[in-house]
Amino acid sequence: MRIATYNINGTNGRLETLLAWLDDTQSDIVCLQDLKAPQAKFPERQLKEAGYAYVWHGQSRWNGVAILSRGSEPVLTRRGLPRDPDPSQCRYIEAAVNGVLVGCLYVPNGNPAPGPKWDYKLEWLKQFTVHAKQLLALDVPVILAGDYNIIPAEHDVYNPDRWQDDALFLPQHVRKAYASLLKQGWCGATATIHTDKPVYPFWDYLRQARERSAGLRLDHLLLSHHLTARLKDAGVDRDMRGRSKASDHAPAWIDLARE
DNA sequence: ATGGCATGTAACACATGA
């Protein structure tokens with residue numbers, strides 16, 4: 001069973017690319033972020049024709065999250081975080097899919113730090129961390145997949161020195177937040193498989209970042225222990241980043257053994 | 001330190017992103 005997360009950076013502008021990738025990979029569950037489309041403009045018909053069911057939460061221009069499922073109907077469990085610091089921003093959706101509770105998240109970028117956007121990111125991460133703990137307490141298989149906008153460690157960025165003061169990387173705050181999730185018991189799937197070298201799911205549009213392999217690891221799939229035991233493989237579909245009109249993110253995925 | 005690129009909306013320039 002393949003589960004993927006993809007910051008698509010505009011779902012309608014990249015619909016053909018998305019449909020071709022779904023057809024190629026036959027992904028079973030897909031978490032999408034940054035739909036950049038209002039609720040009414042989600043491409044329902046095309047995704048249904050491609051064999052997917054879905055839940056989504058759209059917002060005009062920015063943010064927006066969706067969970068796609070092939071062959072089964074996702075059962076929505078929540079939109080937005082409990083005590084969401086700004087419910088007008090669509091950054092979290094959660095559904096039960098085939099016996100797995102799936103949380104799809106899009107953490108605020110937080111730049112510039114310090115400032116109101118930075119404060120918002122920290123508050124969002126705080127409430128998310130509280131919710132993540134509650135999910136673990138349910139003792140059911142859970143995956144929290146999405147664009148965390150966190151570089152977890154020095155080796156997850158091409159040039160750590162350059163990013164020390166960035167809201168994606170500040171150690172006492174965002175890196176600490178990620179570490180505290182792992183401490184709760186979550187397993188970062190990609191790093192578990194790729195222990196020697198990071199696989200980047202993001203390259204900036206600027207300065208030929210992709211050609212220089214100047215990537216960042218921002219998209220993560222965190223597993224509860226029920227799923228860690230089933231983890232077979234993980235990777236990034238980096239070819240997606242090379243296509244014309246690509247998102248600046250590529251899909252990150254895991255393969256789980258069937259129960 | 002700046003701006004390089006890209007998105008959707010539509011005030012055809014802007015806010016936002018990473």
Side-chain angles (χ1 to χ4, degrees), chain A residues 5-18 31-43 46 56-66 85-86 88-92 104-125 128 145-171 173-175 177-178 190 198-220 236 238 240-252:
Chain A
T5 180
Y6 181 29
N7 180 321
I8 193 169
N9 189 15
T11 194
N12 287 306
R14 260 179 268 289
L15 185 56
E16 292 308 314
T17 307
L18 173 65
C31 294
L32 295 176
Q33 303 87 37
D34 221 356
L35 303 175
K36 283 184 158 72
Q39 187 73 1
K41 290 201 176 162
F42 185 74
Q46 295 90 334
W56 79 103
H57 199 192
Q59 172 186 343
S60 181
R61 292 216 241 186
W62 298 301
N63 311 318
V65 283
D86 181 0
S88 73
Q89 299 194 25
C90 300
R91 295 182 175 277
Y92 186 78
C104 169
L105 60 144
Y106 180 34
V107 178
N109 172 297
N111 278 305
K117 293 186 178 183
W118 170 243
D119 295 340
Y120 173 56
K121 178 176 197 171
L122 295 188
E123 184 59 23
W124 203 95
L125 284 171
F128 175 69
D147 180 356
Y148 282 68
N149 269 322
I150 295 175
I151 301 166
E154 299 263 334
H155 63 259
D156 292 316
V157 50
Y158 66 100
N159 178 4
D161 291 345
R162 201 196 137 89
W163 293 84
Q164 291 298 333
D165 298 325
D166 194 278
L168 306 178
F169 197 46
L170 279 161
H173 307 90
V174 294
R175 271 191 267 173
Y178 192 83
T190 311
V199 285
Y200 297 134
F202 172 87
W203 297 263
D204 203 306
Y205 285 124
L206 309 169
R207 305 179 210 88
Q208 276 104 33
R210 182 175 161 275
E211 290 76 1
R212 294 186 294 119
S213 297
L216 313 177
R217 209 165 73 81
L218 303 176
D219 306 84
H220 309 293
V236 167
R238 51 182 303 148
M240 288 282 281
R241 183 62 181 81
R243 299 195 184 189
S244 68
K245 302 277 286 175
S247 168
D248 42 5
H249 295 251

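Just so it is clear, the model here is predicted, and its values are computed rather than measured. In what follows, every chain begins at residue 1, and chains take the letters A, B, ... in the order their sequences are listed. Just so it is clear, the values below take in all heavy atoms, side chains as well, and ignore hydrogens, waters and symmetry mates.
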Nearest heavy atoms of A/R217 and A/V199, plus distance in Å: CD-O, 3.5 Å

What is the nucleic acid contact for A/P38, judged by heavy atoms within less than 4.0 Å: base, sugar-phosphate only, or nothing? sugar-phosphate

In whole Å, what is the span from the NZ atom of A/K41 to the P atom of B/dT7? 16 Å

Test A/K36 against every option in A/N12, A/N9, A/N63 by the side chain to side chain donor-acceptor pair (under 3.5 Å) rule and name the one that passes. A/N9

Assign each of A/A37 and A/D204 to its nearest nucleotide of DNA chain B by heavy atoms, then name whichever residue's nucleotide is nearer the 5' end. A/A37

Between CD of A/Q59 and C1' of B/dG8 the distance, given in whole Å, is 12 Å

Atom pairs, protein N/O to nucleotides 12-17 of chain B N/O, distance under 3.5 Å:
from: B/dG17; atom 1: OP2; to: A/K117; atom 2: NZ; distance (Å): 3.2

Round to the nearest Å and state the distance from A/Q33 atom CD to B/dT7 atom C1'. 16 Å

Need one value for A/S60: base, sugar-phosphate or nothing, where a base atom within 4.0 Å counts as base even if backbone is also close, heavy atoms only. sugar-phosphate

Sort out for me which residue in A/D147, A/T5, A/D34 forms a side chain to side chain donor-acceptor pair (under 3.5 Å) with A/Y106. A/D34

Let me know the distance between NE2 of A/H249 and C1' of B/dA6, rounded to the nearest Å. 12 Å

Distance, C1' atom - from B/dA11 to B/dA15, rounded to whole angstrom: 13 Å

When you compare B/dA18 with B/dC12, how far apart are their P atoms, in angstrom units rounded to a whole number? 26 Å

Scan A/R14 against the nucleic acid and name what it touches under 4.0 Å (heavy atoms): base, sugar-phosphate only, or nothing. sugar-phosphate

Hey, are the side chains of A/Y148 and A/L105 touching, using non-hydrogen atoms and a 4.5 Å cut-off? yes

What's the gap between B/dA1 and B/dT16 when it is taken at their P atoms, as a whole Å value? 22 Å

A/D165 CG - B/dA18 P separation (whole Å): 19 Å

Determine the interatomic distance between C1' on B/dA10 and the same-named atom on B/dC14; round to the nearest Å. 10 Å

Please determine whether side-chain contact (heavy atoms from CB on, under 4.5 Å) holds for the pair A/V157 and A/F169, giving the CA-CA distance in whole Å, both sets of side-chain angles, and the decisive distance to 0.1 Å. CA-CA 9 Å; A/V157 50; A/F169 197 46; 4.0 Å; yes

Pick the closest DNA chain B nucleotide for A/N9 and for A/F202 by heavy atoms, then say which residue is nearer the 5' end. A/N9

Over all heavy atoms of both residues, which pair between A/N109 and A/A167 is shortest? Give the atoms and the distance, please. O-CB, 3.5 Å

Might you confirm whether atom CZ of A/R175 has over 12 heavy atoms from other residues, nucleotides or ligands at distances under 6.0 Å? yes

For the pair made of CZ in A/R210 and C1' in B/dC5, what is the distance, rounded to whole Å? 15 Å

